[in-house]
J.: 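For reference, the structure I am asking about is given below.
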Amino acid sequence: MDPALYTKYPLSVVNSLTRQKELFEPINPPLVGMYLCGPTVYGDPHLGHARSAVNFDVIFRYLAFLGYKVRYVRNVTDVGHLEDEVAGAGEDKVSKKARLEKVEPMEIVQLYTYRYRDALRQLNVLPPSIEPSATGHIIEQIEIIQSILKHGYAYEVNDSIYFDLGKYAQEQEYGQISGKVLEDLQSGSRQTEGLDEKRNPHDFALWKKASPEHIMRWNSPWGEGFPGWHLECTAMSTKYLGETFDIHGGGLDLQFPHHEAEVAQSYGAFHNHPANYWIHHNLITIDGQKMSKSKGNFITLEQLFTGDHSLLVQAYSPATIRFFILQAHYRSPVDFSNEALQAAEKGLTRLLSAQETLGKLDHQPGTLDEKLDKEINQLCERCYREMSDDFNTAKLIAVLFDLGSKINGFYHQQLNLTVISVETFQHLKQTFQDFISGVLGLQAEAGDDTQQKEGLIELLISIRNQARANKDFATSDQIRDQLKELGVQLKDEKSGSTTYSLTN
RNA sequence: GGUAGCGUGGCCGAGGGGCUAGGCGGAGGUCUGCAAAACCUCUUACAGCGGUUCGAAUCCGCUCGCUACCUCCA
């Protein structure tokens, strides 16, 4: 049996912890444990969610493609994410939404979890191995708090538990991922209410006592309360991946304070660093600005798919969105614009039609042209190298376009297919297929073809009306009757125009 | 203010001391009944100013501009 691809194409990744590109060496190859901080499910999924999921989907796919056996855990945050994290005050995001919509918090969670999954399915994002939720792991979270308390890195005040950053910082360097220094944070932080409970303004809640009106609450050794936001990821990653695992991912905006808190919690509970490689993807901007609720410039995925948003001049298919995201490297910011999306749409079509063309090629061996044969093999080889170099999807796509040119050249007989060897042709076929479909997860749309359908019907109506004008009623009746069989009922209005309705 | 990072051709975006992606758009051509598609050619840029170097878009310094995090959000 051939050795796994990962030995042939060793993977290197930029580790946020060291800010350097490092050789990827899993703890127990071929096993790889990967954790991604998923969404807080209290609103419709938007472009930012798509980027996170798509970037890590490709990482997941490529790791598996290389021969790793990946356990990919992507959580759903359904409790504990407060509106005002620093002050430890504010309302839980989920229960606030529930209050506003007058439903149970779990209805909010159910609705938006479903919408999130549905959008990702359309984007051809593979489901993770495990998709745990915070509320399903309250016991695990309590156990971790107990362990942190036992080790002395947390303290109890009025039935709430806070992490003791002061004590932690005496032993460990806090802020390694984000480059932040605790003293700077303290001098720069604003004064807020409700800090009196904490020894240090940046201590964060592990467990909060529930006020009487707080809906989402659980029993604990410290009375009724709810877990802090950062804790769930430590609890669930530990449960499913172990105290130290290979890859921890998330958006750049989660570096601080969320991931710093996770690092601190793991040390407090297990005296371990949770993950060997931290991978952070960059954010999506619109007109150079971050997409955010408060700026009101965010576009939901549904709006993108339907085109129903004032910033959109047309609808964009899920595949286009996926391709648009993957055309940039995951660590670069991506700026949204209609122009860029339209360019992506056309580029994707080009690539996918080359893929289709490849399937039609029939190779007959002839006289070998070593130069071309070698060139094609080298391009195939580069697909692996680019992806193994910190998942460079942008460069991979560039190589695929080059291969696409060759494929078109063969098809239109501008290049002679017989001059490459059988092996090279098979290699080309396999590589092109593997990377476009398997690794990048790009596929032609089955999706929304309403516009096309309408156009086709209108076209048939106008042909039929020409036939009627020519008194060619055999043709006009044939069009009407066969359309009816297909579920399109035509109606000739008194005004002379023709309308139609869909009957199924 | 502190921290991290960025400024690449008409647009989007890789790269990151000499080999100088790719896509979209634009121009010309081949093919074609006309188109379209495809293919070929052209469209050669790295914010500014200094410095290091035989050589800088790439390294260093400064200036300007932008973004993110420090508050909700991927």
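To find a chain, count down the sequence lines: A is the first, B the second, and so on, and within it residues start at 1. These figures come from a predicted structure and were not determined experimentally.
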J.: Expressed in whole Å, how much space separates the P atoms belonging to B:A74 and B:A68?
T.: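 So the two P atoms sit 15 Å from each other.
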J.: Do A:Leu428 and A:Ile407 touch side chain to side chain, with heavy atoms closer than 4.5 Å?
T.: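 Yes, their side chains come closer than 4.5 Å.
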J.: Looking across every strand, which nucleic acid part, if any, lies under 4.0 Å from A:Leu254 by heavy atom: base, sugar-phosphate, or nothing?
T.: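 Touches sugar-phosphate only.
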J.: Expressed as a whole number of angstroms, how long is the span from A:Asn338:CG to B:C11:P?
T.: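 Distance, rounded to whole Å: 16 Å.
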J.: Stepwise, does the side-chain hydrogen bond (donor to acceptor under 3.5 Å, both in side chains) test hold for A:Glu171 with A:Tyr153?
T.: CA-CA 11 Å; A:Glu171 299 166 30; A:Tyr153 296 96; 2.5 Å; yes
J.: Give A:Gly48 one of three labels, base, sugar-phosphate or nothing, depending on what nucleic acid heavy atoms sit under 4.0 Å from its own.
T.: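 A:Gly48: base contact, heavy atoms under 4.0 Å.
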J.: Counting only heavy atoms from other residues, nucleotides and ligands, does the tally under 6.0 Å from CD of A:Glu370 exceed 12?
T.: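 It does not: A:Glu370 CD has 12 such atoms or fewer within range.
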J.: NA contact type, A:Glu339, heavy-atom cut-off 4.0 Å: base, sugar-phosphate, or nothing?
T.: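 Sugar-phosphate: the residue A:Glu339, judged by heavy atoms under 4.0 Å, touches backbone atoms but no base.
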J.: Of all the choices, B:A74, B:G13, B:C72, which nucleotide is nearest to the side chain of A:Pro39 once you look at every atom?
T.: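 The listed nucleotide nearest to A:Pro39's side chain is B:A74.
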J.: Under 4.0 Å from OP1 or OP2 of B:A74: is there any side-chain N or O of A:His49 that close?
T.: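 A:His49 to B:A74 OP1/OP2: side-chain N or O found under 4.0 Å.
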J.: Mind checking A:Leu283 for me? I need base, sugar-phosphate or nothing, with any heavy atom below 4.0 Å counting as a touch.
T.: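 Contact class for A:Leu283: base.
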J.: Rounded to whole angstrom units, what separation is found between the CG atom of A:Asn282 and the C1' atom of B:A14?
T.: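 In whole Å, B:A14 C1' lies 15 Å from A:Asn282 CG.
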J.: For the residue pair A:Thr77 and A:Asn75, confirm or rule out a side-chain donor-acceptor distance under 3.5 Å.
T.: yes
J.: May I ask you to decide whether A:Lys395 forms a salt bridge with A:Asp389, counting only side-chain N to carboxylate O separations under 4.0 Å?
T.: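 A:Asp389 and A:Lys395: not salt-bridged.
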J.: For A:Phe24, run the side-chain contact (heavy atoms from CB on, under 4.5 Å) check against A:Asn15, A:Ile247, A:Leu66 and tell me which one passes.
T.: A:Ile247
J.: Pairs under 3.5 angstrom, nitrogen or oxygen only, protein versus nucleotides 32-35 of chain B, please.
T.:
none

J.: Separation of A:His248 atom NE2 from B:A74 atom P, in whole Å?
T.: 14 Å
J.: Is any NZ, NE, NH1 or NH2 atom of the basic residue among A:Asp402 and A:Lys406 found under 4.0 Å from an Asp or Glu carboxylate oxygen of the other?
T.: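 A salt bridge is absent here (no side-chain N lies under 4.0 Å from a carboxylate O).
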J.: What integer distance in Å separates A:Gln255:CD from B:A68:C1'?
T.: 10 Å
J.: For nucleotides 15-23 of chain B, just jot down a letter per nucleotide in 5' to 3' order: B, S or -, based on protein non-hydrogen atoms under 4.0 Å.
T.: S-----BSS
J.: Please lay out, stage by stage, how A:Thr431 and A:Tyr384 fare under the test side-chain hydrogen bond (donor to acceptor under 3.5 Å, both in side chains).
T.: CA-CA 9 Å; A:Thr431 306; A:Tyr384 291 87; 4.5 Å; no
J.: How close or far is atom P of B:U30 from atom OH of A:Tyr411, stated in whole angstroms?
T.: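 Going from A:Tyr411 (OH) to B:U30 (P), I get 23 Å.
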J.: Please lay out, stage by stage, how A:Asn282 and A:Ser332 fare under the test side-chain hydrogen bond (donor to acceptor under 3.5 Å, both in side chains).
T.: CA-CA 5 Å; A:Asn282 217 308; A:Ser332 298; over 6 Å; no
J.: Of the nucleotides B:A74, B:U67, B:C12, which one has an atom closest to the side chain of A:Ala340?
T.: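 Of the options given, the side chain of A:Ala340 lies nearest B:C12.
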J.: Thinking salt bridges, do A:Arg121 and A:Asp118 make one under a 4.0 Å N-O criterion?
T.: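 Here A:Arg121 pairs with A:Asp118 in a salt bridge, since their nearest N and O are under 4.0 Å apart.
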J.: How close or far is atom P of B:A68 from atom CZ of A:Phe256, stated in whole angstroms?
T.: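 Rounding to the nearest Å, CZ of A:Phe256 and P of B:A68 are 17 Å apart.
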J.: Name all stems that contain residues of RNA chain B, defined as runs of 3 or more consecutive Watson-Crick or G-U wobble pairs, both distances under 3.5 Å.
T.: B:1-7 with B:64-70, B:10-12 with B:22-24, B:25-30 with B:38-43, B:47-51 with B:59-63
J.: Stepwise, does the side-chain hydrogen bond (donor to acceptor under 3.5 Å, both in side chains) test hold for A:Glu262 with A:Ser237?
T.: CA-CA 10 Å; A:Glu262 279 188 57; A:Ser237 63; 4.8 Å; no
